[in-house]
Amino acid sequence: MAEHTIKAFDEEIDRLRGLIAEMGGRAEAAIENAMLALQRQDKVLAAQVVEGDKRIDAIEAEVEKLIIQVIALRAPMANDLRDVIAALKIVSVVERIGDYAKNIAKRVPMIAANTRTLEPISLLPSMGQVAGEMVHDALNAFAARDADLALAVVERDTVVDDFYNSVFRTLVTFMVENPKTISECAHLLFIAKNIERIGDHATNVAEMVYFAATGQTLPDRERGGSNAAMED
Amino acid sequence: MTEEQKLLSPADPKMTARDVKVFYGVKEAIKGVSIDVDMDNVTAFIGPSGCGKSTFLRTLNRMNDTVASARVEGTITLDGEDIYAPSMDVVQLRARVGMVFQKPNPFPKSIYENIAYGPRIHGLASAKADLDVIVEKSLRRAGLWDEVKDRLNDSGTALSGGQQQRLCIGRAIAVEPEVILMDEPCSALDPIATAKIEELIHELRGRYGIVIVTHNMQQAARVSQRTAFFHLGELVEYGVTSDIFTNPRQERTKDYITGRYG
Amino acid sequence: MTGPAILLLLAGLGAIAWVSARARAMRLADVARATGRRDAVHSLPGYHGWYVALWTLIPAAIFLAVWANVAPGLVTQQVLHDPAAQSLPADAFARSAILGEARAIAAGDQAAAFNPASNALVDPYSDAITKYGVIGAVLALILAFAGGAYAFTRIRADFRARTRVERLVMATLLVASLLAIVTTLGIVGSLLWESFRFFSMVSPIDFLFGLKWSPQSAAMGYGNDDAFGAVPLFWGTIFIGAIIAMIVAIPLGLMSAVYLTQYASPTVRKWMKPLLEVLAGVPTVVYGYFAALTIAPALRDLAVSIGIHSASSESALAAGLVMGVMIIPFVSSMADDSIAAVPQSMRDGSLAMGATTSETIRKVMIPAALPGVVGGVLLAVSRAIGETMIVVMAAGLAANLTLNPFASVTTVTTQIVQLLTGDQEFDSAKTLAAFALGLVLFIVTLLLNIVALRVVKKYREAYE
Ligand SMILES: Nc1ncnc2c1ncn2[C@@H]1O[C@H](COP(=O)(O)OP(=O)(O)OP(=O)(O)O)[C@@H](O)[C@H]1O
Ligand SMILES: [Mg+2]
């Protein structure tokens, strides 16, 4: 895309993109590390994830400030306007994603040592991986203004939802069979729910990316369409 | 018919331009432009300097007749009548299609006389009392009455720039035109005066067909319902204002309004 | 040593001074640059060159100018002390004739003497001339050297040669502009002085308000009372210059300006405007005889044919008409300027209201241009009343106080010419009256010009 006549505008946009990319990278890493910590029962890593969320919050604040400045000083129009508005919404969504990752990490110590006996836990890493990839792809799509990639992310939401449903069923069955593990399983259930929400949020990001890139909202989208979205 | 089509080709257009071309000598300044003007919506022309906005605007009330080298092709109609037909009286046309210029150009006469000028030459008022009524009404519509009612006999040139411009709008309104053409009416004004003019345009909308040329994107976005983007004499994109400014279809339009032009 | 030779020598010295001073300043600049202190060199070398050259030339030149005036006196002094001068006649006139002749021969302007007495003085003269010539030349050269040397020693890196040279340039320019002003002041001064002398003979009241003008009778010894009433002249001037001429010039000038600015196509304008301006280039004497030989008789015939038998062949009308024609380009170009200065936007504004071109001109352009047009007319009037040639040739000499355009009237300028042509004593009331008339004319045109320029200026400001 051609450059703006006012170079400073380009610099600000670049900075904005850089910050969002960093934020996305951190959120992605937080998901990955939280899942890793869960798998390995690594409390230190979990603590790092919790700590790392502060930086994500800080970036969100910085991005918001920058966007207010850009709107006030540059009066962006057309695709610039859409980019900026999408960015504003994306950062608050990514911040939520970071919060979910943090929440997962916080639950790691509570699941105690006996992971070996918790069979359903083995389902979660691959679910987390899919959600993490969705986040990754959604932000890549933003960076590349790639509407197709954004669409692909939106479509993948059902995969996470399906995962969630199967984890849900498995956990419930497991709890019935092993009532002693109910408290750990409840945590696992929440973790699964968190991952599912991450997937929904990644979908939201993808939708915003699609809008920014094309100027159109996605046609009849199935909003967070899981049959498990009963609570929250 | 979609909303968009309804806006862009209204069922009852006041003025229509079809495939209008303007030449200055051999140079083609406008290359086949078609648009409609109706009474309910404001049309904005935007585009880089020298792209032909003023030229096209001036074809709409035949002000280009004053330029010896200018030649107009295509059809422009007012209420279905070809304004370039030999039977069309230019004086009458200009009374129906008024114009406000970039630089406020009040006549070096009193405020009262500035407004009364048009009604006088068109014989709209027979008695002084009628004229008084017209002057007051026009000044009120132009949002200037309260500021000048006590000094109608002061010179129009003694007003501030923004007041002068509103005086010029009042002067144009005084002859009860059907369409008002404005060529960058706020380019010499401060933000407050600009806001007053924009507010005025909002109020005049519906009563007059309004076409405004502006270099200020925000202004075009604020006051108009339709926007036409000109570039090098071509009408590159003509669309609903909110679309043009959020989601232009043409690359050139996008580059221009996002500040990537040139 | 002859004058040109000295001047040439001085010029040479000046050139040498320039070159050497410049070279020295360049060296200084090099040194300063080498030490890296470029701010230490104040002026460019060229300025140092000029500074020294001017110091070489100006004192010497001033001295030479003074010397050229002093030397002849000294020469004569020396010759008179020569023994050969003892035989000169005592009569001052004969004496100076002989001395003059001797000097001319000595200087080589004259080949041989008419008066033999001169021959004896030729040698002393040439001796003296040579002597003082040499003294002058030597002194001048010494001065040139001294000046140059003084200036040369002042050359230093931080010496502000530029400032001084610039100051001298400015002073020269100032003198040039003062010269014009001083000349004007001199003229006014002499006018005032001569008028003062006149008014000591004739009361200003009689002059300004008297109704009878007959300076000839005063000259013939009938006394100054009642002979110098200038009102008929003032009236004649106004009648011809400000009334008849303007009746012709204002409408025609204005209309041609309107046509040229508003209606004429560029091609027509390109041809018409210069043609019109040719009118202004016609020498007024040509207008004069055109008025006197063609228009005046024709008008007289016309007047007689319509029954005015008193019509003069030197009528006010003839002079006024021709003067009006002469003034047309003046009015037209002033009006043209002021109409053209009305912003195009004003015209567009009116046309866009649906006004026709003529409505636009009548109701917007001319009112807007009016101050400029008025200013132009005032200037034209001041020109017309100062105009001389046409009225001298066509207006006649009879100082009539009449409203009849076919009658002969006379004007201030005509009378000034009359009073001063031929051999005149410069201390009679009759001659001095010319200065008083000139003063009045001067004051009136001055006032007109001031007012006109003010009006025009104010109007210009209104559109800037
Ligand atoms: N009187 C004229 N004679 C010849 N060419 C002209 C004349 N007026 C305008 N043009 C040319 O026509 C083109 C369009 O000019 P126009 O004044 O319509 O531009 P514009 O879009 O109004 O520009 P701006 O935003 O600077 O007012 C320009 O290239 C200009 O040079
Ligand atoms: Mg323009």
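Reckoned from all heavy atoms, side chains included, excluding hydrogens, waters and symmetry mates. In what follows, chains are A, B, ... by sequence order, proteins preceding strands, each numbered from 1.
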I need the A/Ile85 CD1 to B/Thr246 OG1 distance, nearest 0.5 Å.
11.5 Å

If you look at every heavy atom in A/Met77 and B/Met217, which pair is closest and at what distance?
CE-CB, 3.6 Å

Is it true that, when you exclude A/Lys106 itself, more than 12 heavy atoms of the residues, nucleotides or ligands shown sit nearer than 6.0 Å to its NZ?
no

Can you list the residues of residues 14-32 of chain A that sit under 4.5 Å from chain B, counting heavy atoms only?
none

Going from CZ on B/Arg260 to CG on A/Asp10, what distance comes out if it is rounded to the nearest 0.5 angstrom?
6.5 Å

Of A/Leu81, A/Asp83, A/Asn79, A/Thr5, the residue whose pairing with B/Thr258 passes side chain to side chain contact (heavy atoms under 4.5 Å, CB included):
A/Asn79

ring-ring contact (aromatic ring centres under 6.0 Å, His included): pairs with one or both residues in residues 27-46 of chain B, sequence neighbours excluded
B/Phe45-B/Phe56, B/Phe45-B/Phe230

Closest non-hydrogen atoms of B/Ile257 and A/Ala78, given as atom of the first, atom of the second and distance, are CD1-CB, 3.7 Å

Separation of B/Asn247 CG from A/Gln216 CD (nearest 0.5 Å):
6.0 Å

Answer yes or no: does atom CZ of B/Arg18 have more than 12 heavy-atom neighbours from other residues, nucleotides or ligands under 6.0 Å?
yes

Counting heavy atoms not belonging to A/Ile6, are there more than 12 under 6.0 Å from its CD1?
no

